[in-house]
Student: 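Sharing a structure here in structure tokens format.
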Amino acid sequence: MDAAATAPTRQDVLQTVWPLLTNDFGNPSSRHELGASAARALSFARGTSAAALGVRENDVVFTSGGTESNNLALKGLALAAPRGRHLVVSAVEHSSVRNAARYLAEHHGFELTVVGVDRRGRVDPADVARALREDTTLVSVMAVNNEVGTIQPIAEIAGAARAAGALVHTDAVQAAGWLDLAELAGGVDALTVSGHKIGGIKGAGLLMVRARLPLAEQLGGGGQERGRRGGTENVAGAVATALALQHAARAARDDDGRAAGFGTHLRDAVVQDLQDRAVPTGHPEQRVPGIVSFCFPGTAGEAVLLELERRGIQCSSGSACHADSDEPSPVLLAMGYAPDLALTSVRLSFTRDVKEAEITQTARALVAAVRAVAPGA
Amino acid sequence: MRTSAPVYLDHAATTPMSPAALEAMTAELARTGNPSSLHGAGRRAHRVVENAREALAAAAGAHPTEVVFTSGGTEADNLAVKGLFWSRRDADARRVKIFASSVEHHAVIDAVEWLEAHEGAEARWIPVDTRGRVDLDWLRRELEADPDSVALVTCMWANNEVGTVQPVADVVRLAAEFSIPVHSDAVQAFTALDVDFAATGLATMAVSGHKIGGPVGIGALFVRRDVVLTPVIHGGGHERAMRSGTLNAAAAAAFGAAAVDAVGRLHAEAERLAGLRDRLIDGVAQAAPDAELSGPSDPEHAGARLPGNAHFTFPGCEGDSLLFVLDMLGVQSSTGSACTAGVPRPSHVLLAMGRTEEQARGAQRFTLGHTTTPADVDVLVAAIGDACARAKKAGMAGKESSIQTAGTGLNT
């Protein structure tokens with residue numbers, strides 16, 4: 001129950017990339033036949049990804065993953081041709097966006113406006129509109145929060161930002177597979193996708209960034225990806241990302257509500273049993289089904305996690321990147337939760353392949369785990 | 001024209017995964033787990049990464065805490081050059097000079113030029129001799145003149161185009177007299193030569209997975225324990241807060257396995273490849289007498305040249321034409337480094353070695369690796385005379401050079 005941290009590589013993806021890991025191992029920059037064959041595979045990956053996102057092939061830059069993509073989007077767009085040194089980000093961004101923005105502020109003189117969220121984790125587009133200035137170069141707001149699953153009103157935010165002349169980036173790492181990425185991509189200038197969160201392989205992801213926009217290369221060396229990202233292209237990783245993305249796009253389009261039913265059932269079952277000892281976090285409606293999160297007053301997050309693992313459920317308190325920290329989640333703090341309560345957070349996350357029995361078992365285990373560590377519950 | 005399977009003589013661009021690496025990768029791809037997660041699957045993935053870290057450290061003479069996993073050699077070079085520059089300059093604003101060999105890989109060159117464009121760095125390119133070795137006397141004079149203005153020195157361990165092995169230990173000793181940190185791009189040297197990070201005293205050293213029989217998409221920067229780098233990729237604070245991003249457990253495991261495997265066979269394999277290389281050099285010299293070897297010859301196998309590298313200039317041949325003809329004859333080679341192969345322009349390495357643009361245009365690189373056999377070398381030797389003749393003819397027909405085609409402006 002930790003798919004938001006990483007999901008298993010899809011079997012069909014593995015089978016397709018297998019030849020690229022073995023016989024067809026060429027470097028796409030080599031100009032002999034083996035290199036040409038690798039270049040064709042890379043081109044297939046680019047075309048497939050572009051189609052899934054509804055963008056042009058030249059808008060796709062393959063990277064080593066979501067973190068690098070977020071860094072490239074923020075620093076690359078902010079440093080290339082800034083119309084001014086002002087950035088707007090939300091208070092619930094992933095650490096890669098948060099820290100890239102902080103870097104721009106500390107080292108390149110950018111002013112940073114952090115837009116808050118409500119108790120349900122949602123950014124108010126009016127707040128973004130108010131934060132915009134004439135020197136705002138970039139607005140970055142994630143499409144779906146990785147800890148509480150809240151969907152952000154990206155279309156409205158992007159509309160306001162672009163009308164004011166700013167560029168818009170969205171971290172869509174957790175949106176892939178749940179939201180219509182083509183629709184999302186259509187409204188922004190740059191969008192981040194990670195391969196391994198959607199059944200691709202680790203170490204691969206992409207940044208959709210409009211080819212006409214100047215982008216300051218962050219990893220220089222060799223001129224790959226049209227001078228936007230140096231380094232030998234990870235062909236197997238790119239193909240895996242493309243196939244996973246294609247699958248994610250299809251899944252989002254053919255959504256039958258089954259997963260949403262599971263998410264609701266899990267949340268309701270836990271709340272029904274634990275009553276006010278379980279506080280579901282995030283937005284009740286504007287949320288992706290695959291992330292269900294709670295705080296459990298009177299427990300400590302770690303204790304519940306340990307009890308859950310004893311019962312065969314592996315999940316997390318929030319972001320895996322934040323896992324070994326003793327600090328409360330910045331996301332929950334931004335949502336207005338007291339630090340004590342924020343420390344009791346538990347996140348359950350799953351893919352569409354989840355089985356009903358797994359949801360039922362998880363709900364039961366979660367209730368039992370909370371009761372075990374907080375007997376009054 | 002071709003009757004059998006093509007002969008792959010471009011191992012410096014990328015080399016197939018070793019069986020050990022492939023096995024490790026396959027096993028790990030079948031599992032899941034984010035190494036930062038605290039639950040069982042996460043802890044298991046974490047152990048996989050830590051085992052790989054230990055294996056890699058042992059293979060390179062480093063301590064496991066000195067290994068920072070990256071997405072590859074390019075990122076490792078960027079992190080080292082930018083990270084060292086930032087932390088050195090932040091400590092003392094006078095330190096803005098970067099001394100870099102004039103034959104560095106583009107990953108280092110681009111990072112240096114990026115720092116010039118964005119951070120006020122001043123690049124000083126260390127000259128090399130006709131064999132591609134850096135001029136230590138020049139470097140000493142320059143460092144002595146104003147040591148307080150130097151942020152770092154960077155000198156690759158072995159050149160990716162012409163195979164020249166650099167006196168890295170001497171460079172480090174020299175820089176150490178002025179307490180200046182040295183970075184080395186050891187992408188081509190690692191597992192081809194004896195590479196001992198701790199013994200050299202380097203501040204940082206970059207290596208790449210797919211050049212040693214590991215997968216594409218992973219590399220590492222060795223960072224001496226007392227060295228702190230400002231990160232290039234910000235995020236969750238992975239890898240001693242120097243490199244963020246979900247750790248790539250499968251690739252790390254395969255990288256570790258490839259390193260252990262390659263280092264275990266290093267001396268025997270280096271000797272085998274050096275023998276094949278010399279057979280290739282002798283064969284080409286006979287079949288194409290006007291071909292000129294670039295970089296040092298190393299008949300005693302004393303470590304002056306990468307064991308698997310042979311690089312020539314063929315007068316009157318357009319490198320691109322020769323590559324194309326050879327490809328049709330079943331031999332896959334390169335005109336230089338694959339990273340610039342997409343854009344025809346004369347190699348900066350050859351120009352730095354004093355070759356003319358005309359000479360540089362006829363460059364062809366043959367690089368051997370773990371799958372190379374004597375028969376592979378013989379196929380090339382049998383084909384090269386004919387291939388040269390045809391490439392020359394093609395060159396006469398279209399005298400418009402590929403350099404003009406590129407329109408890079410570098411030739412002006």
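A note on names: the letters A, B, ... follow the listed sequences, proteins ahead of strands, and every chain is numbered from 1. Computed from a predicted model, the values in this text were never measured in an experiment.
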Student: Side chains of A/Arg102 and B/His234: does their closest heavy-atom pair fall under 4.5 Å?
Tutor: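 Contact flag for A/Arg102/B/His234 side chains = no.
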Student: Is a donor on one side and an acceptor on the other found under 3.5 Å between the side chain of B/Glu75 and the backbone of A/Gly231?
Tutor: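 Such a contact is absent between B/Glu75 side chain and A/Gly231 backbone.
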Student: Spell out, as yes or no, whether a donor-acceptor pair under 3.5 Å connects the side chain of A/Asn27 to the backbone of B/Thr14.
Tutor: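 Not at all, since once roles are kept as given, no pair shorter than 3.5 Å links the two residues.
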Student: Quick one: what part of B/Ser208 sits under 4.5 Å from any heavy atom of chain A, side chain, backbone, both or neither?
Tutor: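 For B/Ser208, there is no contact with chain A at all, as no heavy atom is under 4.5 Å.
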Student: Looking at A/Lys197 and B/Thr246, what are the two nearest heavy atoms and their distance?
Tutor: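 For A/Lys197 versus B/Thr246, the nearest heavy atoms are NZ-OG1, 4.4 Å.
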Student: Which atoms of A/Ala38 are under 4.5 Å from chain B, going by heavy atoms: the side chain, the backbone, both sets, or neither?
Tutor: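 Looking at A/Ala38, nothing touches chain B.
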Student: Would you say A/Arg31 and B/Ser333 are linked by a side-chain donor-acceptor pair, where the criterion is simply a distance under 3.5 Å?
Tutor: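 There is no such pair (donor and acceptor under 3.5 Å, judged by atom type) between the side chains of B/Ser333 and A/Arg31.
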Student: Does any heavy atom of chain A fall under 4.5 Å from the side chain of B/Pro215, the backbone, both, or neither of them?
Tutor: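 Answer is neither: B/Pro215 stays 4.5 Å or more from chain A.
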Student: Rounded to the nearest 0.5 Å, how far does OG of B/Ser71 lie from CZ of A/Arg229?
Tutor: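 Going from CZ on A/Arg229 over to OG on B/Ser71, the span is 4.0 Å.
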Student: A/Glu309 side chain to B/Gly40 main-chain N or O, any donor-acceptor pair under 3.5 Å?
Tutor: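 Yes, the answer is positive, given that a donor and an acceptor are paired below the 3.5 Å cut-off.
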Student: Does any backbone or side-chain atom of A/Ile201 lie under 4.5 Å from a heavy atom of chain B? Answer side chain, backbone, both or neither.
Tutor: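 For A/Ile201, the side chain is the part near chain B, not the backbone.
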Student: Would you mind checking which part of B/Ile109 comes under 4.5 Å of any heavy atom in chain A, side chain (CB onward), backbone (N, CA, C, O), both or neither?
Tutor: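 Contact with chain A involves no heavy atom of B/Ile109 at all.
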Student: Between B/His210 and A/Thr232, is there a side-chain heavy-atom distance shorter than 4.5 Å?
Tutor: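 Sidechains of B/His210 and A/Thr232: in contact.
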Student: What pairs of residues pass the salt bridge (charged side-chain N to carboxylate O under 4.0 Å, His left out) test when at least one of them lies in residues 5-28 of chain A, not counting sequence neighbours?
Tutor: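 Of all non-adjacent pairs touching residues 5-28 of chain A, those that pass salt bridge (charged side-chain N to carboxylate O under 4.0 Å, His left out) are A/Arg10-A/Asp12.
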Student: Of the backbone (N, CA, C, O) and the side chain (C-beta and beyond), which part of B/Ala254 lies under 4.5 Å from a heavy atom of chain A, both, or neither?
Tutor: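 For B/Ala254, neither part sits under 4.5 Å from chain A.
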Student: Run the numbers on B/Glu119 and A/His108 for side-chain contact (heavy atoms from CB on, under 4.5 Å), then give the verdict.
Tutor: CA-CA 9 Å; B/Glu119 299 281 346; A/His108 295 274; 3.3 Å; yes
Student: For the pair B/Asn34 (side chain) and A/Ala5 (backbone), establish whether a donor and an acceptor sit closer than 3.5 Å, ignoring hydrogens and angles.
Tutor: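 Present.
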Student: Pick one of side chain, backbone, both or neither for B/Ala250, based on which atoms fall under 4.5 Å of a heavy atom in chain A.
Tutor: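 For B/Ala250, no heavy atom lies under 4.5 Å from chain A.
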Student: Any side-chain heavy-atom pair from A/Phe25 and B/Thr15 closer than 4.5 angstrom?
Tutor: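 The answer is no, as the side chains (C-beta and beyond) never meet within the 4.5 Å cut-off.
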Student: Could you state the interatomic distance from NE2 (B/His39) to OG (A/Ser317), rounded to the nearest 0.5 Å?
Tutor: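 Those atoms lie 10.0 Å apart.
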Student: Which bit of A/Gln11 comes within less than 4.5 Å of chain B, counting heavy atoms only: side chain, backbone, both or neither?
Tutor: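 No part of it gets close to chain B.
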Student: Can you say whether B/Tyr8 sits under 4.5 Å from chain A via the side chain, the backbone, both, or neither, judging by heavy atoms?
Tutor: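 For B/Tyr8, side-chain heavy atoms alone lie under 4.5 Å from chain A.
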Student: Check whether A/Asn71 gets within reach of chain B through its side chain, its backbone, both or neither, counting any heavy atom under 4.5 Å.
Tutor: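 Only the side chain of A/Asn71 comes within 4.5 Å of chain B.
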Student: Apply side-chain contact (heavy atoms from CB on, under 4.5 Å) to B/Ala258 and list each qualifying residue two or more places apart in sequence or on a separate chain.
Tutor: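 So B/Ala258 forms a side-chain contact (heavy atoms from CB on, under 4.5 Å) with B/Ser18, B/Ala21, B/Ile212.
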Student: Heavy-atom distance under 4.5 Å to chain A: side chain of B/Asp77, backbone, both or neither?
Tutor: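 Answer is neither: B/Asp77 stays 4.5 Å or more from chain A.
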Student: Does the B/Asn78 side chain pair with the main chain of A/Leu219, one donor and one acceptor, at a distance under 3.5 Å?
Tutor: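 The answer is no, because no donor-acceptor pair under 3.5 Å joins these two groups.
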Student: Measure the OG-CG distance between B/Ser244 and A/Asn70 for me, rounded to the nearest 0.5 Å.
Tutor: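 The OG atom of B/Ser244 sits 11.0 Å away from the CG atom of A/Asn70.
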Student: Under 3.5 Å, side chain of B/Trp114 to main-chain N/O of A/Ala216, donor-acceptor pair present?
Tutor: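 A pair under 3.5 Å: no.
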Student: Evaluate the ring planes of A/His107 and B/Trp86, with Trp represented by its six-membered ring, and classify them as parallel (under 30°), tilted (30 to 60°) or perpendicular (over 60°).
Tutor: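 Judged by the thresholds at 30° and 60°, the geometry between A/His107 and B/Trp86 is tilted.
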Student: Inspect the surroundings of NE2 in B/His370 and state if more than 12 heavy atoms from other residues, nucleotides or ligands are less than 6.0 Å away.
Tutor: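 It does: B/His370 NE2 has more than 12 such atoms within range.
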Student: Give me the atom names and distance for the closest heavy-atom approach of B/Asp10 to A/His32.
Tutor: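 For B/Asp10 versus A/His32, the nearest heavy atoms are OD2-NE2, 2.7 Å.
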Student: Under the salt bridge (charged side-chain N to carboxylate O under 4.0 Å, His left out) definition, can you give me all pairs with a residue in residues 12-28 of chain B, not counting sequence neighbours?
Tutor: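 For residues 12-28 of chain B, and leaving out neighbouring residues, the salt bridge (charged side-chain N to carboxylate O under 4.0 Å, His left out) pairs sorted by first residue read B/Glu28-B/Arg31, B/Glu28-B/Arg44.
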Student: How many angstroms lie between CD1 in B/Ile233 and CD in A/Glu68, if you round to the nearest 0.5 Å?
Tutor: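 Result: 4.5 Å between the selected atoms.
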Student: If contact means a heavy atom pair closer than 4.5 Å, which residues of residues 234-242 of chain A contact chain B?
Tutor: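 Within residues 234-242 of chain A, near chain B: A/Asn234.
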Student: Of the backbone (N, CA, C, O) and the side chain (C-beta and beyond), which part of B/Leu247 lies under 4.5 Å from a heavy atom of chain A, both, or neither?
Tutor: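 Backbone only.
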Student: Less than 4.5 Å apart, any side-chain heavy atom of A/Trp18 and any of B/Leu29?
Tutor: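 Contact flag for A/Trp18/B/Leu29 side chains = no.
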Student: What part of B/Glu113 gets within 4.5 angstrom of chain A, counting heavy atoms only: side chain, backbone, both, or neither?
Tutor: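 Looking at B/Glu113, nothing touches chain A.
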Student: Tell me if a side-chain donor or acceptor on B/Asp110 pairs with a main-chain N or O of A/Gly220 at a distance below 3.5 Å.
Tutor: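 Not at all, since once roles are kept as given, no pair shorter than 3.5 Å links the two residues.
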Student: Pick one of side chain, backbone, both or neither for A/Leu34, based on which atoms fall under 4.5 Å of a heavy atom in chain B.
Tutor: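 A/Leu34 touches chain B through backbone and side-chain heavy atoms alike.
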Student: Hey, are the side chains of B/Arg43 and A/Gln314 touching, using non-hydrogen atoms and a 4.5 Å cut-off?
Tutor: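 Answer no - side chains too far apart.
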